[in-house]
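Numbered from 1 within each chain, the chains take letters A, B, ... in sequence-line order.
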2 protein chains.
Amino acid sequence: MVRATSNRPESTRRRQRWPDGYDPENTRKSLIASALELFERRGFDRTSVQEIADRAKLTKGAFYHHFESKDDLLRHIQEEYLEAQLAAIAKIEAGSDDPKVRVAELIRFSLTSVAEYRAHVTIFYQERRNLTADLFAEVTRKRGLVESAFAGMIADGVARGAFRSDVDPRIATFGLVGMCAWAYQWLNVGGPLSVDEVARQFSAMVLEGLYA
Amino acid sequence: MVRATSNRPESTRRRQRWPDGYDPENTRKSLIASALELFERRGFDRTSVQEIADRAKLTKGAFYHHFESKDDLLRHIQEEYLEAQLAAIAKIEAGSDDPKVRVAELIRFSLTSVAEYRAHVTIFYQERRNLTADLFAEVTRKRGLVESAFAGMIADGVARGAFRSDVDPRIATFGLVGMCAWAYQWLNVGGPLSVDEVARQFSAMVLEGLYA
DNA sequence: ACAATGCTACCGTCCGGTCGGAAGGAATGG
DNA sequence: CCATTCCTTCCGACCGGACGGTAGCATTGT
């Protein structure tokens, strides 16, 4: 439970040259990749630092050279995912302002990111409580921004008469977010259901309803 | 990770009488209650048996008298929840066979059970992987029955023309289940949103759509 | 020389689980 | 009615192992 950030100022770090194209930053990446896989499959608590190092064909010493603590690594993973989320939201908000289009876009984007960042997402939702209190608050805040985007678009749709007036934007948002977030439990990239098809079905269900 | 069931054959157990209405079965219950609270708040792995015992004003010795292992307790909690789920499903299936009514009922029931069994639900979804492989399979199977109920009702609605013909029952089911299951992340009984109101909104959104 | 990188060995702590036994009601037998 | 034994419940000390993290050193490129 060590505090303190480990943000290494990339700009001030002189990169060392290693033989035959070896890049020391790769070890960091492979440690993260190793952790992503292990955390996703067995959870944060049941994955030891030793195992993370082993899987990356390194040692604990190397791990603790690159990360302050196990928590620090978790934090890194969470932020990696959140940054991607926020960037994508911004892109959608810069596009069409038709509420229907926006909601459909948001659904599709959410599902895409679940498929793409599967391990990140799983870890994000399952291991949030392992963060320190203040870090948890920060992560929750950023996550709230994503949900606010949903809520804002729906509220906008209601205000402009595109959506039914008796829709409660907060509740509808919870439903939408849940629908999409839950996909991390069952949606696999190689599976029988394509992301686009799922997105289309979800949009149709939510926008037009199931009724014939 | 001990196997073996701890099902004590109640019928063959002679109950002992204790002074002033003391019931030894209360010990078991308070251990479970203690664990429910701690598992929900801090997770299975980060809760020690000692803490569970402490909170119930007992000792580890007492705990291991009533449960075979920590896993055994988790298993007990999971099954407690699943039994309640399956019973409720059966009740709905015995009621109206109008697909629209059934889907609405299922949504309301799902949300109600999330509100009522909040700790159980949280633990169920977050700690499934801590079960042994075969127990996990069993739990997943039972959970599958619940989801099959959703899927069956939607497929039925499509077949009978109540729902649009281009709806994929599998995907719609995933959406519905996700919407409801996700409620464990935000729905609180004492909160500003009543379960019935949320259920009505969800039903309207899914059945009639958002469009004005 | 120096900084970055990675390795080995080690430490203190905590945790799941075990074990022998204490307390005391229930059953038995006289 | 008392004495003995048995069973259930619970206690508390303890064990073995695993885990997060540290310290010191070896190697290598600049």
Between [options], spot the one nearest the side chain of [X], thanks.
X: B:Leu58; options: C:dC7, C:dG16, D:dC11; value: D:dC11
X: B:Thr59; options: D:dG12, D:dG21, C:dT18; value: D:dG12
X: A:Ser48; options: C:dG6, D:dC19, C:dG17; value: D:dC19
X: B:Ala62; options: D:dC11, C:dC7, D:dG21; value: D:dC11
X: A:Lys60; options: D:dC10, C:dG16, D:dG21; value: D:dG21

Does OP1 or OP2 of [N] have a side-chain N or O of [X] closer than 4.0 Å?
X: A:His65; N: C:dG6; result: no
X: A:His66; N: C:dA4; result: no
X: B:Thr27; N: D:dC10; result: yes

Separation of atom [atom1] in [X] from atom [atom2] in [N], rounded to whole Å:
X: A:Phe63; N: C:dC7; atom1: CZ; atom2: P; value: 14 Å
X: B:Arg46; N: C:dG16; atom1: CZ; atom2: C1'; value: 17 Å
X: A:Phe67; N: D:dT22; atom1: CZ; atom2: P; value: 15 Å
X: A:Asp45; N: C:dC15; atom1: CG; atom2: P; value: 11 Å
X: B:Lys29; N: D:dT9; atom1: NZ; atom2: P; value: 13 Å
X: B:Asp54; N: D:dG12; atom1: CG; atom2: C1'; value: 12 Å
X: A:Lys70; N: C:dT13; atom1: NZ; atom2: P; value: 19 Å
X: B:Tyr64; N: C:dC15; atom1: OH; atom2: P; value: 12 Å

Hey, does the side chain of B:Arg102 reach the backbone of B:Glu93 with a donor-acceptor pair shorter than 3.5 angstrom? yes

Strictly distance-based, threshold 3.5 Å: is any side-chain N or O of A:Arg118 a donor or acceptor partner for the main-chain N or O of A:Leu187? yes

Could you report the tightest heavy-atom contact between A:Phe136 and A:Leu131, atom names first, then the distance? N-CB, 4.0 Å

Shortest non-hydrogen contact from B:Tyr81 to B:Arg143?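 Where B:Tyr81 meets B:Arg143 most closely, the heavy atoms are OH-NH1, 4.4 Å.
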
If you assign each of A:Val49 and A:Gly61 to its closest nucleotide in DNA chain D, which residue comes earlier from the 5' end? A:Val49

Taking the basic N atoms (NZ, or NE/NH1/NH2) and the acidic carboxylate oxygens, is any pair closer than 4.0 Å for B:Glu127 and A:Arg129?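 Salt bridge: yes.
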
